[in-house]
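To keep things clear, I will list the structure first and then write my remarks on it.
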Amino acid sequence: MSQTAVKAPGVPDANRWKALTFIALAQLMVVLDATIVNIALPSAQQDLGISDGNRQWVITAYALAFGGLLLFGGRIADLWGRKRTFVAGLIGFAGASALGGAATNEAMMLGARALQGAFGALLAPAALSLLAVMFTEPKERAKAFGIYGAIAGGGGAVGFILGGVLTEYLDWRWTFFVNIPFAIIAAAGAYYVIREPAGGRNRSPLDIPGVILSILGLVTLVYAFTRAESDGWGDSTTVGLFVAAVVLLAAFVFTESKVKAPLLPLRVITERNRGGVYLSLGLAIIAMFGLFLFLTYYLQIVKGYSPVKTGFAFLPMIGGMMVGSTQIGTRLMTRVPPRFLMAPGFLVAALGMLILTRLEIGSTYSSTILPGMILLGLGMGTAFMPAMSLSTHGVEPRDAGVASAMVNTSQQVGGAIGTALLNTIAASATTSYIKDHIGGAGSQAQQQLVQLEGQVHGYTNAIWFAVGILVLAATIAATFINTGRPGTSTVTGSGDGVEDELPVPVVAH
């Protein structure tokens, strides 16, 4: 580690804005990877001879490893040092991406994706907790997390654009290779620029039972939702997996309440503001990730867009997120309590979703999709920024990594739940519509029209559920979160007996 790796507590880091550049670059890489592979999957499946039944594992292997190991990754960051964990995560992610891009068969591809997820679980909580301890002045924190929140919210949609361009004009393998320069630049920059504040480590012994139970519980939960999408909610194995997940996670909570040095101190999630953030953000991600998938299918299958054109169709939503996060959220965060940004933000996003429930086969991009996307982006961007900022509200520095991991966990599990839950709702509605209407279709052309109408009917049904989920997220944000605007109160305490005054909220991802 370089000699500049540690700085005195309470002294603003002169290089903090340079550090933000490299942290944001790393976060962009991780978020991009969640969607960029979706566009490349059909080409990769054909080249590697992956069956239709197994192709979902290219996505699921990553989600299971990432979601299952996040809490462990956050605890490693607190124990080992956030900078060191961040750099190690970047190097490992780059290596796993190289392996995925060079894959010659199904097993090599799935192994590479699981490795990517594992190193992402190290990288993501370390990145957000670094920001939490480097930016302590309220206005600076608002700006830093505005940038970070915009990337966290909009990066997934950028993945569609980049995935489309790389797949259409180069080769699907470049959707993996593109991570390597991102990771090298971010790791080199972080090594030389980041100086982690002293006195924020948590050197307690690792909670091995907690690690095992959390990994097994989260992996089982994510897999249960994934299996529900393919095999149905009533499938005996699916039901058994959900029961096992509940038992394992209940055992995890019980263990954490008893051990001396828990993996996830219950104080991190029982504080009402942090709990409100984790819950409302997870619900919002459920709604948003499901919509990404439906709009991609609608634009490509129903409207006949190419992968590249589909990617660019998402640009207005990205623009809305950037404006909502860096302009609205950043400017108002130091002036109003966070709930006055989060709850209205989720409601504006719900209004955007409501417009998209009007989708029909003949809908034009400008009349329906464009206004829906802009409102969705504005609302999500406005809500994401204070949510990221509140994720370590009042937390002790020694817990910053694991609190950051909880935000990532709520997002990752929310994404898996959203894809499975809303896809199942859409598929059921589509099947029902086609069954009711196919009898009146005489010619093949009319039957094809009914099939397309059924798909759009399924999408809009699922989007109605997404509207309700966003309204619920807004309600939770308005009722659970009661902290004042940043700078109106202070918290004290670090893991090492050093008293720090930190404006509330303290932030991490």
Side-chain angles (χ1 to χ4, degrees), residues 146 149-150 152-154 156-157 160 276-277 279-299 313-333 336-360 362-388 411 414-415 418 421-422 425-426 429 456-481:
F160 287 119
V277 166
L279 195 53
S280 62
L281 195 60
L283 287 167
I285 293 292
I286 287 175
M288 194 169 76
F289 265 60
L291 182 76
F292 279 177
L293 208 59
F294 298 139
L295 281 181
T296 302
Y297 284 135
Y298 176 81
L299 291 170
F314 280 93
L315 271 179
M317 183 166 67
I318 299 169
M321 282 184 175
M322 295 296 290
V323 171
S325 190
T326 62
Q327 299 303 311
I328 301 172
T330 300
R331 291 175 187 274
L332 294 180
M333 186 181 157
V336 301
R339 68 180 180 277
F340 291 163
L341 289 174
M342 287 181 65
F346 289 139
L347 288 176
V348 169
L351 182 60
M353 288 274 198
L354 195 62
I355 293 172
L356 293 170
T357 60
R358 296 170 53 233
L359 276 179
E360 296 174 352
S363 298
T364 63
Y365 178 82
S366 58
S367 67
T368 308
I369 298 174
L370 181 62
M373 278 192 171
I374 290 173
L375 286 173
L376 183 66
L378 276 172
M380 286 296 198
T382 302
F384 272 175
M385 199 277 292
M388 297 299 176
Q411 287 180 303
L421 178 64
L422 296 181
I425 292 167
V456 177
H457 177 74
Y459 301 155
T460 54
N461 262 266
I463 293 170
W464 271 110
F465 275 86
V467 171
I469 291 168
L470 280 172
V471 171
L472 179 59
T475 305
I476 289 169
T479 53
F480 277 56
I481 296 167

Can you give me every donor-acceptor pair (side chain of residues 370-381, partner residue at least two apart or in another chain, under 3.5 Å) with its distance?
none

In residues 336-360, what donor-acceptor pairs under 3.5 Å come from side-chain atoms, sequence neighbours left out?
from: Thr357; atom 1: OG1; to: Leu354; atom 2: O; distance (Å): 2.5

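Residue Val277 comes nearest to Ala387 through the heavy atom pair CG1-O, 3.4 Å, listed as atom of the first residue, atom of the second, then distance. The two residues Ala287 and Ile469 have their closest heavy-atom pair at CB-CG2, 4.3 Å. In terms of heavy-atom proximity, Gly276 sits nearest to Ser280 at O-OG, 2.7 Å.
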Problem - Stepwise side-chain contact (heavy atoms from CB on, under 4.5 Å) test for Phe314 and Leu295 - result: CA-CA 9 Å; Phe314 280 93; Leu295 281 181; 3.9 Å; yes
Exercise for the section: Dump the intermediate steps for side-chain contact (heavy atoms from CB on, under 4.5 Å) on Ile463 and Leu422, then the final yes or no. Expected result: CA-CA 8 Å; Ile463 293 170; Leu422 296 181; over 6 Å; no
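Pairs of residues two or more places apart, or lying in two chains, that qualify as side-chain hydrogen bond (donor to acceptor under 3.5 Å, both in side chains) and include a residue from residues 366-388 are Thr364-Ser367.
Side-chain atoms of Thr460 come within 3.5 Å of backbone atoms of His457 as a donor-acceptor pair (strictly under, hydrogens ignored).
One distance of note links CG of Leu470 with OG1 of Thr475; it measures 10.5 Å at 0.5 Å rounding. We find the CG-CG distance between Leu283 and Leu472 to be 5.0 Å, quoted to the nearest 0.5 Å.
Ile369 has its side chain within reach of Tyr298: a pair of non-hydrogen atoms, C-beta onward, lies under 4.5 Å apart.
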